[in-house]
Amino acid sequence: MLTLTCPYCGLQADETELHGGGEAHLTRFGPDSSDDEFEAYLFLRQNPRGVHAERWRHVYGCGKWFHALRDTTTLQVFGTYPAQTLTPPADLLKAAGVEPAA
Amino acid sequence: MPDLLETPETTVTDLPPGGMILLRGSLADAAFAEVLTGCGISVPGTRQIVPCTVGQVGWMSPDELLVFCEATASADLALRLDAALSGQHALVLRVDDMRARFRIAGPGARVALAKLCPVDMARIAPAELRRTRLAQIPAAFWTENGADFDLVCFRSVAGYARNVLTRAARHTQGIVLP
């Protein structure tokens, strides 16, 4: 069972209280983008076996979206952080053993 | 023949929902909090429910409060808040009829809720407002005396809530919360 800490209410929320929102930190490609960019934005996801940044919504609680960094193989959760963040925080990436992208 | 395992002392009763007002705005904004204080509403801390001069006010999310007041006072209070908050990025909505309210009372109240909600019920302290999942529906509950719980859920699913709560409250004897 996955348990994530909601950064807004500080609760350790059970997976059944949450709703998954897929891969986090996508760059939106809108009307002026090329077809390839638009396709990649809409459909192409990393789906890694390992460290993954995801969007989650505390749907039965405060209703807010947040991000979580976790390992999809071991289910280890490195941490959660607010949705108003463009990249995973450096300390969480360090805990996950991932080099921050330059 | 009576069922020996039944613990009828844990009861689920319908309460009149009373007046409820939904308030949205940035709780971190000092101007917003100042207006609320002027209308007799204190701003509770994260996940808290606190008494105030109009009744009680609960923290729903970082930008949402739910005010519980007398049913007869809510229309007036909503108008007063709306006028006081004019010009601010805020929302006042009278939601008296939106939610149903239950009281789960008796020694098995915590166990009954623990059966239905993914919540560490042994740690729920008075003045905490816990929004969570009650079986298949969203609900929020709190306790004032540490033993009896008040619960609100959407009125459209009140029948479901009543059924699952009553069923869960039936057998609570001998179950010890971790």
Side-chain angles (χ1 to χ4, degrees), chain A residues 1-26 28 52-93 95, chain B residues 22-28 43-50 57-66 91 93 95 98-99 113-125 127-142 151-154 156-157 160-161 164 177-178:
Chain A
M1 182 64 77
L2 189 61
T3 305
L4 299 176
T5 304
C6 172
Y8 298 101
C9 33
L11 274 177
Q12 289 200 322
D14 178 284
E15 188 181 344
T16 59
E17 263 187 65
L18 305 167
H19 180 78
E23 189 181 325
H25 310 302
L26 299 175
R28 181 176 180 274
H52 193 213
E54 291 171 342
R55 303 171 72 222
W56 286 89
R57 183 172 178 236
H58 195 187
V59 66
Y60 284 98
C62 63
K64 298 294 174 203
W65 285 97
F66 62 90
H67 290 155
L69 192 73
R70 70 180 186 106
D71 192 306
T72 56
T73 321
T74 63
L75 299 188
Q76 183 183 358
V77 177
F78 301 108
T80 54
Y81 47 101
Q84 291 75 24
T85 316
L86 295 178
T87 50
D91 56 327
L92 295 189
L93 286 174
Chain B
L22 177 98
L23 274 172
R24 295 203 85 139
S26 175
L27 302 187
V43 178
T46 304
R47 297 204 325 270
Q48 298 292 298
I49 180 163
V50 294
V57 54
W59 187 97
M60 299 292 271
S61 81
D63 58 1
E64 184 179 341
L65 296 177
L66 187 62
L91 169 79
L93 193 63
V95 289
M98 196 160 130
R99 290 185 173 89
L113 285 171
K115 288 186 193 178
L116 300 167
C117 307
V119 175
D120 188 355
M121 285 306 296
R123 290 200 193 170
I124 295 288
E128 176 171 356
L129 175 70
R130 183 64 154 91
R131 296 181 79 182
T132 186
R133 175 178 63 80
L134 178 86
Q136 296 183 27
I137 58 170
F141 57 77
W142 69 97
L151 181 141
V152 288
C153 67
F154 289 124
S156 54
V157 288
Y160 176 84
V164 290
L177 293 175

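Every chain is numbered from 1 and lettered A, B, ... according to where its sequence line falls, protein lines coming before strand lines.
Highest contact tally toward chain A, considering only L134(B), I137(B), T132(B), D63(B), is held by T132(B) [criterion: heavy-atom pairs under 4.5 Å].
Only the side chain of T46(B) comes within contact range of chain A, with heavy atoms under 4.5 Å apart. Of the two parts of Q136(B), only the backbone, made up of N, CA, C and O, holds a non-hydrogen atom closer than 4.5 Å to a non-hydrogen atom of chain A.
Closest heavy-atom contact between M98(B) and F154(B): CE-CE2, 3.5 Å.
The stretch residues 12-26 of chain A participates, sequence neighbours left out, in these salt bridge (charged side-chain N to carboxylate O under 4.0 Å, His left out) pairs: E17(A)-R130(B). Contacts classified as salt bridge (charged side-chain N to carboxylate O under 4.0 Å, His left out) and involving residues 65-88 of chain A (residues at least two apart or in different chains) are given here: E54(A)-R70(A).
Contacts from residues 75-91 of chain A to chain B, taken as heavy-atom pairs separated by less than 4.5 Å, involve no residues at all.
Distance check, rounded to the nearest 0.5 Å: SG of C9(A) to CE of M60(B) gives 11.5 Å.
Every salt bridge (Lys or Arg N to Asp or Glu O under 4.0 Å) that R47(B) has, sequence neighbours left out, goes to E128(B).
R55(A) contributes no side-chain N or O that, together with a main-chain N or O of W65(A), makes up a donor-acceptor pair within less than 3.5 Å.
The number of heavy-atom neighbours closer than 6.0 Å to NE2 of H25(A), taken from other residues, nucleotides and ligands shown, is above 12.
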